[in-house]
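Each remark here refers to the structure printed beneath this line.
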Number of protein chains: 2
Amino acid sequence: MICKLTKKRQRILSIINGSSVPLSAGDVHALLKKAVNLATIYRGLHYLELQHRIEGFTILCTREGAVRYYFKKENPHLHFIHCEVCHTFSPFRGCLREKLMNKIASELDYSIHSHVLYLTGVCGSCKRSN
Amino acid sequence: MICKLTKKRQRILSIINGSSVPLSAGDVHALLKKAVNLATIYRGLHYLELQHRIEGFTILCTREGAVRYYFKKENPHLHFIHCEVCHTFSPFRGCLREKLMNKIASELDYSIHSHVLYLTGVCGSCKRSN
DNA sequence: GTCAATTTGCAAATCATTCGCAAATTAATA
DNA sequence: TATTAATTTGCGAATGATTTGCAAATTGAC
Ligand SMILES: [Mn+2]
Ligand SMILES: [Mn+2]
Ligand SMILES: [Zn+2]
Ligand SMILES: [Zn+2]
């Protein structure tokens, strides 16, 4: 019956849209003060990503392990650098999609669906406070 | 006592060096016909990556979930595109590290430790056999 | 309101990865 | 070669993010 963007999914979407940093399912759960079940949040994030309402990427981090993060859509879209010390994300622009598409088109017979790009390092604040 | 590159770790390393595609811990385990314990393979891959003898990346795939893959070192180093249909990897050259370093240096106060880049899509063979 | 389709909460399952610990291996030394 | 301390290994159990089964609640069309 075409329910689609339910109230709970709207709450999840506005948490993501209201955040300046990528959030995990657990982050959203905490920000919603556990008003929405964690499994529902996982399903909602999947749904929103499938609908292209949000973007997601999985990052491997020493503290959190492999976790998927979600972020609002921006134009042009963003990628992130993750600080290995304080575990925060900083966005940067300059997507490589065009260059990659051209490269692949000329070198490989693939149609590209997505590209994943992120950096890890140490932020300025952590560098100095060491 | 400086044991370091033990026989088991050498076997793991030669599996990785002998493969033209990235391998997971489970792949290495199967290729070694379970002659080496799976936990030892995880520990060995960590060790080899820490020693910069191999490279690794974690990818999220519909069939396998979030899994870490390891690949031999190449110069210039490679990135991969993953087919969402047949779940194979194809390498491509053209790393963006230099451009990314420059961009970050001018825009953000970070020191970069690693960059993760991979693409997903559908390979030529799967496109045609649909 | 009725009703079938969809979504949700809850608990249990999944699955790659990690961890604790005792036994085995290693390499330096006598 | 025997001794020995450090390191590695195997095994099973634990971890933790994510997924799933199912019954109850919600949704939207009629
Ligand atoms: Mn982190
Ligand atoms: Mn795959
Ligand atoms: Zn930091
Ligand atoms: Zn394919």
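Chain letters run A, B, ... following the sequence lines, proteins first, then strands; residues in each count from 1.
Between A:Glu64 atom CD and D:dT18 atom P the separation is 10 Å, expressed in whole Å. Taking atom OH of B:Tyr47 as the reference point, atom P of D:dT8 lies 7 Å away to the nearest angstrom. Taking atom CG of residue B:Leu5 and atom P of nucleotide D:dT7, one finds them 16 Å apart after rounding to whole Å. Atom P of nucleotide C:dA16 and atom CZ of B:Phe57 are separated by 16 Å, given to the nearest angstrom. Rounded to whole Å, atom C1' of C:dT8 lies 15 Å from atom CG of A:Leu45. The distance from atom NZ of A:Lys4 to atom C1' of D:dG28 is 13 Å, rounded to the nearest whole Å. Rounded to whole Å, the distance from NE2 on A:His29 to C1' on C:dT8 is 13 Å. The CD1 atom of B:Ile41 sits 16 Å away from the P atom of D:dT8 (whole-angstrom rounding).
For the pair A:Thr6 and C:dT8, the criterion of a side-chain N or O lying under 4.0 Å from OP1 or OP2 is met. Residue A:His46 places at least one side-chain N or O closer than 4.0 Å to OP1 or OP2 of D:dT19. Proximity of B:Arg9 to the phosphate of D:dT8: a side-chain N or O atom is located under 4.0 Å from OP1 or OP2. For A:Lys8 and C:dG9, the shortest distance from a side-chain N or O to OP1 or OP2 is below 4.0 Å.
Distance from the side chain of B:Tyr42 is smallest to C:dA16 among D:dC11, C:dA16, D:dT27. The side chain of B:Asn37 has D:dG10 as its nearest neighbour among C:dG9, D:dG10, C:dC19. Checking C:dT17, D:dC11, C:dT8 against the side-chain heavy atoms of B:Val67 singles out C:dT17 as nearest. Checking D:dT8, D:dT18, D:dG12 against the side-chain heavy atoms of A:Leu38 singles out D:dT18 as nearest. The side chain of A:Arg43 sits closest to C:dT8 out of D:dC11, C:dT8, D:dT18. Taking the side chain of A:Thr40 as heavy atoms from C-beta on, and the options D:dT8, C:dT8, C:dT26, the nearest nucleotide is C:dT8.
Nearest-nucleotide positions on DNA chain C place A:Lys7 closer to the 5' end than the other of B:Arg68 and A:Lys7.
Ring geometry for B:Phe71 versus B:Phe80: interplanar angle over 60°, hence perpendicular rather than tilted (30 to 60°).
The aromatic ring centres of A:His115 and A:His79 sit less than 6.0 Å apart.
With B:Arg93 contributing its side chain and B:Pro76 its backbone, the two residues share a donor-acceptor pair below 3.5 Å.
In this structure, A:Arg68 is not positioned above the aromatic face of A:Phe57 in the sense of NZ or CZ being under 6.0 Å from the six-membered ring centre and within 45° of the axis.
Atom NZ of A:Lys99 has 12 or fewer neighbouring heavy atoms from other residues, nucleotides or ligands inside a 6.0 Å radius.
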